[in-house]
4 protein chains.
Amino acid sequence: MPLSANQIENMKAKRNKILEQAIILFSEHGYNDTTISKVAKASGISFGSVFTYFKNKEELFHHAVVDHLQELSPLLMDFNPDAQNSYKELEAMIDKHIRLFASVGTYLRLVTQVIGQPKRFERQFKKLDQFHYTFRSKIAALVEHGQRSGQLHSGIDPVTSSIAYTSFLMGIRLNLTDQPENNIWSDLAPVAMQLFGPKLP
Amino acid sequence: MPLSANQIENMKAKRNKILEQAIILFSEHGYNDTTISKVAKASGISFGSVFTYFKNKEELFHHAVVDHLQELSPLLMDFNPDAQNSYKELEAMIDKHIRLFASVGTYLRLVTQVIGQPKRFERQFKKLDQFHYTFRSKIAALVEHGQRSGQLHSGIDPVTSSIAYTSFLMGIRLNLTDQPENNIWSDLAPVAMQLFGPKLP
Amino acid sequence: MPLSANQIENMKAKRNKILEQAIILFSEHGYNDTTISKVAKASGISFGSVFTYFKNKEELFHHAVVDHLQELSPLLMDFNPDAQNSYKELEAMIDKHIRLFASVGTYLRLVTQVIGQPKRFERQFKKLDQFHYTFRSKIAALVEHGQRSGQLHSGIDPVTSSIAYTSFLMGIRLNLTDQPENNIWSDLAPVAMQLFGPKLP
Amino acid sequence: MPLSANQIENMKAKRNKILEQAIILFSEHGYNDTTISKVAKASGISFGSVFTYFKNKEELFHHAVVDHLQELSPLLMDFNPDAQNSYKELEAMIDKHIRLFASVGTYLRLVTQVIGQPKRFERQFKKLDQFHYTFRSKIAALVEHGQRSGQLHSGIDPVTSSIAYTSFLMGIRLNLTDQPENNIWSDLAPVAMQLFGPKLP
DNA sequence: CATGAATGAGTATTCATTCAT
DNA sequence: AATGAATGAATACTCATTCAT
């Protein structure tokens with residue numbers, strides 16, 4: 001008996017619910033201290049059912065790390081490296097990134113754990129590293145463009161500055177809390193811009 | 001009959017050996033996957049003896065995180081916020097910091113774990129946070145000096161840029177591997193300098 | 001899908017099996033020398049399953065001490081303090097008690113351990129102490145009745161003699177072995193009766 | 001170099017100090033929960049020195065149980081089975097015993113532990129059982145004397161009543177606390193006398 | 001003899017995974 | 001598919017005993 005569309009929908013919803021809670025718990029308590037039992041409870045799903053959706057804990061962790069990246073990726077990559085006005089494009093990009101990094105603290109703390117222990121979370125690390133590579137490459141392209149068009153100083157290697165920039169983003173995410181009153185986030189955009197050697201207008 | 005000076009020396013050496021190996025293992029495998037047994041083996045010390053030096057695993061972790069900070073602290077704070085030539089002082093400081101961050105990757109990955117899960121490692125986090133505060137305050141003082149003396153642009157709040165800078169340091173430490181051939185480290189110094197809004201000479 | 005009635009029955013049986021073996025082992029080897037592993041083996045149940053039924057060793061011990069008391073209680077309290085013929089009622093009661101104490105040696109040795117270390121087994125001790133209080137109070141009531149009706153000498157305070165009696169019961173249980181050929185038990189009934197100051201018929 | 005008399009004295013004192021504290025700790029916390037380390041601390045003696053006086057924990061426990069019995073024994077046996085007035089002799093004996101049992105609660109709780117687990121503490125149990133045998137035999141002799149001289153009823157077997165009596169003593173020791181205000185102890189003497197079937201004067 | 005560090009065997013407890021219902 | 005009981009491997013920690021100083 002094939003599953004009805006309704007059932008399929010229902011199962012997708014359950015899977016997402018599990019993943020959502022898994023991200024929260026893994027993020028806050030780490031891999032080992034997040035037990036399947038706790039995830040099940042938080043998701044309002046029976047203990048045994050978690051294994052219906054994810055064959056084991058490692059799989060659950062993997063998807064918690066990787067699946068969400070698919071959603072985030074287009075948001076992070078939403079800028080045009082060939083934009084006429086590289087300067088403005090950079091500014092707009094930085095603004096978006098900082099807003100985004102400020103808002104997805106939970107997930108990014110999970111990412112941090114993976115990056116911080118690349119050997120331990122090898123499979124997840126590779127996925128993130130791949131993404132990081134395409135991400136900063138696209139940024140580097142924009143920077144190179146800006147340098148050619150004379151809007152950015154040329155002294156800095158574009159790849160270096162793109163690495164500096166993504167590191168900066170991860171660094172502030174690591175260092176700053178989620179306190180909403182913490183409005184230092186918005187002040188950081190112009191500082192981030194400095195990394196690309198902007199020429200004064 | 002109290003312990004002989006020789007014995008005391010011996011014990012100190014053992015304690016340090018344990019701590020040293022604990023940093024390596026905690027850094028690479030995280031808190032839970034680092035077992036006391038592994039630490040003991042790596043230190044060439046019997047299992048039970050670890051408990052002679054640290055009353056439990058939590059305590060061992062705490063000292064692994066905190067004790068080493070005492071050694072690192074003077075190196076990180078080795079700059080003069082009241083230096084005549086703020087610009088040169090900043091450059092020298094950045095250079096030292098980057099070299100240092102490049103060389104103590106293992107320990108800093110451990111620090112990263114603590115910062116990434118502040119609730120889980122509350123006690124350790126507080127200690128690190130305290131240090132971070134004094135660290136960036138001293139940097140901010142240097143920046144303020146530089147702005148007053150006109151060597152740095154005044155558009156950026158010194159505290160903000162000091163936070164941006166320490167975040168940047170942590171971020172590159174997180175993102176870069178320890179491959180010795182990885183000589184991007186040295187290229188990052190001038191990019192870091194940008195964060196403080198240097199006036200072109 | 002809730003558990004079937006059959007499963008529930010099965011689990012109750014397992015729980016009882018564990019408790020039964022726990023009583024035997026705790027009684028014979030004491031709290032510390034009775035390991036969960038031994039209890040599991042004796043019960044024919046896997047090691048981990050013991051924790052399905054009792055959240056920890058302390059809990060297992062507690063139930064081993066306290067649950068069985070519920071079964072014993074009605075047997076010990078099976079006499080009528082308001083009986084017309086207090087003398088005969090006392091005799092019948094003593095007879096029952098002595099038979100009972102002779103037959104439940106294992107459990108009572110466990111009780112002895114708790115009473116002997118009231119601070120160590122505080123929670124269990126309180127439960128037993130409560131029972132002891134109601135138990136001897138009911139005996140005291142019977143004695144008082146017997147004194148009023150002139151069947152017992154009045155020189156002895158009923159509460160004192162009830163305490164003397166329960167102490168006597170525990171004492172013989174402590175001093176005598178379970179050797180079946182040990183038929184001193186039956187001879188003790190008339191001696192016990194003396195504690196209540198019976199008037200010669 | 002032979003030890004000076006002073007040193008020997010000193011060592012005896014230390015040994016006694018250890019034993020004294022061991023009785024207290026074993027009595028209150030049981031065998032397993034009493035660690036050598038705790039005994040050492042309580043005795044004001046170094047951890048290692050305990051092993052100078054007792055070759056292992058079992059030995060320490062053994063002496064804690066057995067040595068003190070030597071001191072107690074003459075006090076318990078201090079009555080004359082051939083006394084002219086058996087009745088008075090019994091009364092005096094009971095009085096002494098009850099006072100003694102009331103005052104040495106700590107040690108007797110230790111004894112209780114041994115008797116309650118005869119298999120576990122086999123060696124100690126045997127010693128105590130031996131003593132018990134001679135103790136109740138002497139009492140039985142006094143009772144027999146009393147029966148022959150007509151001061152006690154003859155219905156009860158002297159051995160049975162002596163066992164009843166020693167059981168009673170252990171039972172009240174087990175059941176009653178050491179609260180000094182607990183003056184039920186003194187009321188128990190006449191009740192105990194009943195066990196021997198006294199003829200009314 | 002006195003001291004206390006070194007050792008490792010022993011144990012309670014947790015938890016991912018399996019599987020019967 | 002859903003449930004939750006059953007299992008046992010893994011691990012922190014304790015403590016008697018040994019032994020070097």
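Keep in mind the model is a prediction, meaning the values are calculated, not measured. Naming convention: chains lettered A, B, ... in sequence-line order (proteins, then strands); numbering from 1 in each chain.
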Between [X] ([atom1]) and [N] ([atom2]), how many Å, whole number?
{"X": "A:Lys38", "N": "E:dC15", "atom1": "NZ", "atom2": "P", "result": "6 Å"}
{"X": "B:Lys57", "N": "F:dC13", "atom1": "NZ", "atom2": "C1'", "result": "12 Å"}
{"X": "A:His29", "N": "E:dT14", "atom1": "NE2", "atom2": "P", "result": "16 Å"}
{"X": "C:Phe26", "N": "E:dT11", "atom1": "CZ", "atom2": "P", "result": "13 Å"}
{"X": "B:Gln7", "N": "E:dG4", "atom1": "CD", "atom2": "P", "result": "11 Å"}
{"X": "B:Phe51", "N": "E:dG4", "atom1": "CZ", "atom2": "C1'", "result": "19 Å"}
{"X": "A:Leu25", "N": "E:dC15", "atom1": "CG", "atom2": "C1'", "result": "15 Å"}
{"X": "B:Met11", "N": "E:dT7", "atom1": "CE", "atom2": "C1'", "result": "14 Å"}

Touch class at under 4.0 angstrom, heavy-atom based, for [X] against every strand present:
{"X": "D:Thr35", "answer": "sugar-phosphate"}
{"X": "C:Lys14", "answer": "sugar-phosphate"}
{"X": "C:Phe54", "answer": "nothing"}
{"X": "B:Asn56", "answer": "sugar-phosphate"}

Checking N1-N3 plus N6-O4 or O6-N4 for Watson-Crick, or N1-O2 and O6-N3 for wobble, each under 3.5 Å, the partner of F:dA20 is E:dT3
Paired to F:dT11 by Watson-Crick or G-U wobble criteria (both distances under 3.5 Å) is E:dA12
Query raised in the report: Any idea which of F:dA2, F:dG8, E:dT17 is nearest the C:Phe47 side chain?
Result: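 Selected nucleotide: F:dG8.
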_A:Ser49, nearest nucleotide to its side chain (from F:dT3, E:dC1, E:dA6)_ =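 Of the options given, the side chain of A:Ser49 lies nearest F:dT3.
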Can you see if the side chain of A:Tyr53 gets near the phosphate of F:dA2 - specifically, an N or O under 4.0 Å from OP1 or OP2?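 Yes, because at least one side-chain N or O of A:Tyr53 sits under 4.0 Å from OP1 or OP2 of F:dA2.
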Check your understanding: Can C:Glu28 and D:Arg120 be counted as an ion pair, charged N to O under 4.0 angstrom?
Key -> no
Ion pair check, C:Lys127 and C:Asp67, cut-off under 4.0 Å | no
Ranking A:Tyr31 and C:Glu58 by the position along DNA chain E of their nearest nucleotide, the one closer to 5' is C:Glu58
Nearest-nucleotide comparison on DNA chain E, the residue closer to the 5′ end among B:Ile45 and C:Thr34: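 Result of the comparison: B:Ile45.
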Regarding A:His62 and A:Glu58, do their side chains bring together a donor and an acceptor under 3.5 Å, going by distance alone? no
- Do A:Gln117 and A:Gln124 have a side chain donor and acceptor closer than 3.5 Å?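 There is no such pair between these side chains.
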- Check whether the ring centres of B:Phe54 and B:Phe61 lie less than 6.0 Å apart, and answer yes or no.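 Distance test on ring centres: not under 6.0 Å, no.
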By nearest-nucleotide position on DNA chain F, the 5'-leaning member of C:Ser46 and D:Asn32 is C:Ser46
